[in-house]
Amino acid sequence: YSAHMTAELYAADRMLLYQRVLLPALGAGKHVLQSRCVLSSLVYQPLQSPLPNEDQLTIEDVLRLEGNRFVCKHMPNLMLLATVSDVDILAERLAKRKKKDNAIFEEIEFLKKVKTAYESERLRSYFESYGTMVQTYDAGISVDETKRQAVDLYKKRFSHLFNEKA
């Protein structure tokens, strides 16, 4: 698929998810934890190679899509960004998976660009401008330690939800 089509499909799917699931859950007083968000599209789609006769997508192009505009009106309170210091570690983990489809999103050179984009001050500032607290943690360690870090960051941000009684 083209980068433009991929971006359109993700934006439309994300808007439906928000309208049908996330916003009603939040309206019912539930806490929502979400893996992936518009941030993924802002990173991946501008890095995806355009097809012939197609312009390279920019972050601004991705943000102009209807679904992404909708989602940006409902930004999260907290965004946890899993980072790795060495992309080769990530490539090793991917190589061990059973899934072998040669996805462009899992090629080492693409992953290096993804890492740089996720860690950019531009994206951090964009989300912080909406009041989203952006926290990073190291996902280049064990899976259990990575999970522990994420839970600790969540508990720190929402400590009022975890009033542990002695």
Side-chain angles (χ1 to χ4, degrees), residues 6-48 59 62-87 89-94 96-99 101 103 105-106 110-111 113-166:
T6 302
E8 288 274 1
L9 292 169
Y10 274 117
D13 183 62
R14 191 170 287 118
M15 185 167 75
L16 286 173
L17 174 67
Y18 270 68
Q19 290 173 332
R20 293 180 180 175
V21 180
L22 301 181
L23 293 177
L26 289 169
K30 297 185 186 288
H31 296 270
V32 175
L33 300 179
Q34 179 183 355
S35 175
R36 305 284 181 170
C37 70
V38 71
L39 173 65
S40 299
S41 290
L42 297 178
V43 168
Y44 280 83
Q45 272 64 73
L47 293 176
Q48 191 175 346
I59 289 175
V62 176
L63 285 170
R64 278 193 287 273
L65 297 173
E66 180 184 6
N68 292 336
R69 285 194 326 267
F70 179 83
V71 168
C72 287
K73 293 177 185 172
H74 308 282
M75 289 295 213
N77 300 99
L78 173 66
M79 179 178 295
L80 300 179
L81 279 177
T83 62
V84 293
S85 56
D86 184 356
V87 175
I89 292 170
L90 183 56
E92 288 172 17
R93 286 183 182 174
L94 291 171
K96 292 177 184 176
R97 294 188 334 185
K98 291 180 183 176
K99 180 180 136 267
D101 61 2
F105 302 118
E106 296 174 2
F110 189 83
L111 291 172
K113 292 176 186 175
V114 165
K115 174 184 170 28
T116 300
Y118 269 120
E119 294 174 352
S120 74
E121 184 58 36
R122 180 180 183 195
L123 285 180
R124 173 184 287 274
S125 297
Y126 178 76
F127 284 91
E128 288 176 343
S129 75
Y130 281 91
T132 299
M133 178 187 289
V134 179
Q135 298 283 310
T136 59
Y137 63 101
D138 185 2
I141 50 181
S142 73
V143 172
D144 288 339
E145 182 60 19
T146 299
K147 288 178 185 177
R148 187 198 60 73
Q149 288 179 82
V151 168
D152 287 350
L153 287 168
Y154 180 80
K155 284 183 174 181
K156 181 179 177 183
R157 170 63 177 90
F158 298 105
S159 59
H160 59 283
L161 300 173
F162 300 96
N163 292 332
E164 297 182 16
K165 298 177 181 169

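Only this structure's heavy atoms are used, side chains among them; waters, hydrogens and symmetry mates stay out.
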Between [X] and [Y], is any pair of side-chain heavy atoms under 4.5 Å apart?
X: Arg14; Y: Ser41; result: yes
X: Gln19; Y: Phe70; result: yes
X: Gln135; Y: Leu81; result: no
X: Asn77; Y: Met133; result: no
X: Thr132; Y: Leu78; result: no
X: Ile59; Y: Arg122; result: yes
X: Ser40; Y: Tyr118; result: yes

At their closest point, which heavy atom of [X] faces which heavy atom of [Y], and how far apart are they?
X: Gly140; Y: Asp138; result: N-OD1, 2.7 Å
X: Val32; Y: Ala25; result: CG2-CB, 4.0 Å
X: Cys37; Y: Met79; result: SG-CE, 3.7 Å
X: Pro46; Y: Val43; result: CD-O, 3.7 Å
X: Val38; Y: Cys72; result: CG1-SG, 4.4 Å
X: Thr136; Y: Leu153; result: O-CD1, 3.9 Å

Are more than 12 heavy atoms from other residues, nucleotides or ligands located less than 6.0 Å from atom OH of Tyr10?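 Count not over threshold, so no.
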Residues forming a side chain to side chain donor-acceptor pair (under 3.5 Å) with [X], sequence neighbours excluded:
X: Glu119; result: Lys115
X: Ser125; result: Glu121
X: Glu145; result: Arg148
X: Tyr18; result: Gln34

With sequence neighbours left out, the residues meeting salt bridge (charged side-chain N to carboxylate O under 4.0 Å, His left out) with Arg20 are none
So does Val134 get a backbone contact from the side chain of Arg124, meaning a donor-acceptor N/O pair under 3.5 Å? yes
Using atom types as modelled and distance alone, determine if a side-chain donor or acceptor of Asn68 lies under 3.5 Å from a backbone N or O of Val62. yes
Go through the steps for Gln149 and Ile141 under the test side chain to side chain contact (heavy atoms under 4.5 Å, CB included), then give the verdict. CA-CA 10 Å; Gln149 288 179 82; Ile141 50 181; 2.9 Å; yes
Counterpart residues, ring-ring contact (aromatic ring centres under 6.0 Å, His included), relative to Phe110 (two or more places apart): Tyr44, Phe105
